[in-house]
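Structure record follows, encoded as structure tokens.
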Amino acid sequence: MTLRAVEAVAHATVANLGVGFDILGMALQAPFDVVRAERRPEQGVHIAAITGDDGKLSRDPTCNTAGIAAAHVLRQIGATDGVSLTVHKGLPLASGLGSSAASAVAAAVAVNALFGEPLDRAALLAASLEGEAAVSGRHADNVAPALFGGITLVLGTTAEAIYSLPLPSNLHLALATPAIAVPTAQARAVLPQNVPLKALIHQTAQVALLVHALHTGDLALLGMAMERDSVVEPARAHLVPGLAEVRAAARAQGALGTIISGAGPTLCSICDSAACAERVADAMRAVYAELGLPATVRTTRPASRGATWRAI
Ligand code: HSE
């Protein structure tokens, strides 16, 4: 079955979870990107419009994460006609919320659905990674949760290397995104090339503790493990204004842990209730107001489902 037009939604992701650099990611219910795909007789990918990006993203489909992922799907299915994409960015760019991954996943899912879903999610992972790699490097810790949902352990770039971890039912989140862009490449360039054995042991222990906390649903333990990153956060902290202040203010309102989301500058606090997340969000707003830095603050929850689509 082929359709005339399809709209796909792919969600923001937090990846890393403090510790678990490049191997742990979590899908969020909000924000999200929406990609609309329509058939066109000419082969290849055309980008009709992008909204919500302040004109910052390339409209050239060979340079755009959604365009690259869509082209990969078309090649894999041997399509003889092409697609026109309209990308609605709900995610802020360069914010540590997996913006490029969400657009790539939404485009891959939309184009595949348009042609009757010939590809499975494993193949869509490869297509999405093509798009993500063009912008952020070839790592699947954002793409995998955006595509599959929930919290994923990502041991490689193929579907067999993705493991779904338990999602605690009472996990609530508060997010603050200060109005500065931190390109992923810049945030990766500041990381140490080598890690002392002592640091490796500490970091490995925290990842193990985090996985244990997910399996037992112990959010206090989860927050503790997430905050104990001694390798990546110290190297990136100077790129994220307000980290110490937000962490302290969030903790005072009952947050169980606060981390840099992905490459930053978004900060993510975990809470065990919606009311706590709202209090933490208010505290985050107050911190950034005090610092004189505009920031977008929101509460959300993990998304158990991955990207979805509907015919339009
Ligand atoms: N794990 C990645 C990082 C996510 O922290 O650099 C950003 O794409």
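All ligand and atom numbering here is 1-based and tracks the order in the structure.
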With a 4.0 Å cut-off on heavy atoms, is Ala187 touching ligand 1?
-> no
Checking heavy atoms under 4.0 Å, the part of Ala15 that sits near ligand 1 is backbone
Gln29-Thr300 side chain donor-acceptor pair, cut-off 3.5 Å: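 Gln29 vs Thr300: no donor-acceptor pair found between side chains.
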(message) If only side-chain N and O atoms count, and only distance matters, is there a donor-acceptor pair under 3.5 Å linking Asp229 with Gln206?
(response) no
(request) Output, in order, the C-alpha distance, side-chain angles, deciding distance and verdict of side chain to side chain contact (heavy atoms under 4.5 Å, CB included) for Glu245 and Met284. (result) CA-CA 9 Å; Glu245 296 91 332; Met284 289 169 153; over 6 Å; no
(Q) Just so I know, are the side chains of His172 and Ile270 near enough to count as touching, which here means a heavy-atom distance under 4.5 Å? (A)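 SC-SC contact between His172 and Ile270 ruled out.
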- prompt: Heavy atoms, side chains only, cut-off 4.5 Å: are Pro192 and Val231 in contact?
  reply: yes
Practice problem: Give the C-alpha distance, both sets of side-chain angles, the deciding distance and a yes or no for side chain to side chain contact (heavy atoms under 4.5 Å, CB included) between Leu153 and Ile162. | Solution: CA-CA 6 Å; Leu153 171 63; Ile162 313 291; over 6 Å; no
Original post:
Taking both backbone and side-chain atoms of Arg236, is any N or O found less than 3.5 Å from an N or O belonging to ligand 1?
Top reply: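 Among all N and O atoms of Arg236, at least one is under 3.5 Å from an N or O of ligand 1.
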* To do: Name the closest protein heavy atom to atom 3 (C) of ligand 1, giving the residue it belongs to and the distance to 0.1 Å.
  =>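 Scanning the protein heavy atoms, the shortest distance from atom 3 (C) of ligand 1 goes to Arg188 NH1, 3.3 Å.
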Of all the atoms in ligand 1, which lie at a distance below 4.0 Å from a heavy atom belonging to [X]?
X	answer
Asp22	1 (N), 2 (C), 3 (C)
Gly262	5 (O)
Thr184	7 (C), 8 (O)
Asp141	1 (N), 2 (C), 4 (C)
Phe21	3 (C), 5 (O), 6 (O)
Asn142	4 (C), 7 (C), 8 (O)
His139	2 (C), 4 (C), 7 (C), 8 (O)

Answer yes when Arg285 and Asp282 have at least one side-chain N-carboxylate O distance shorter than 4.0 Å, and no when they do not.
yes
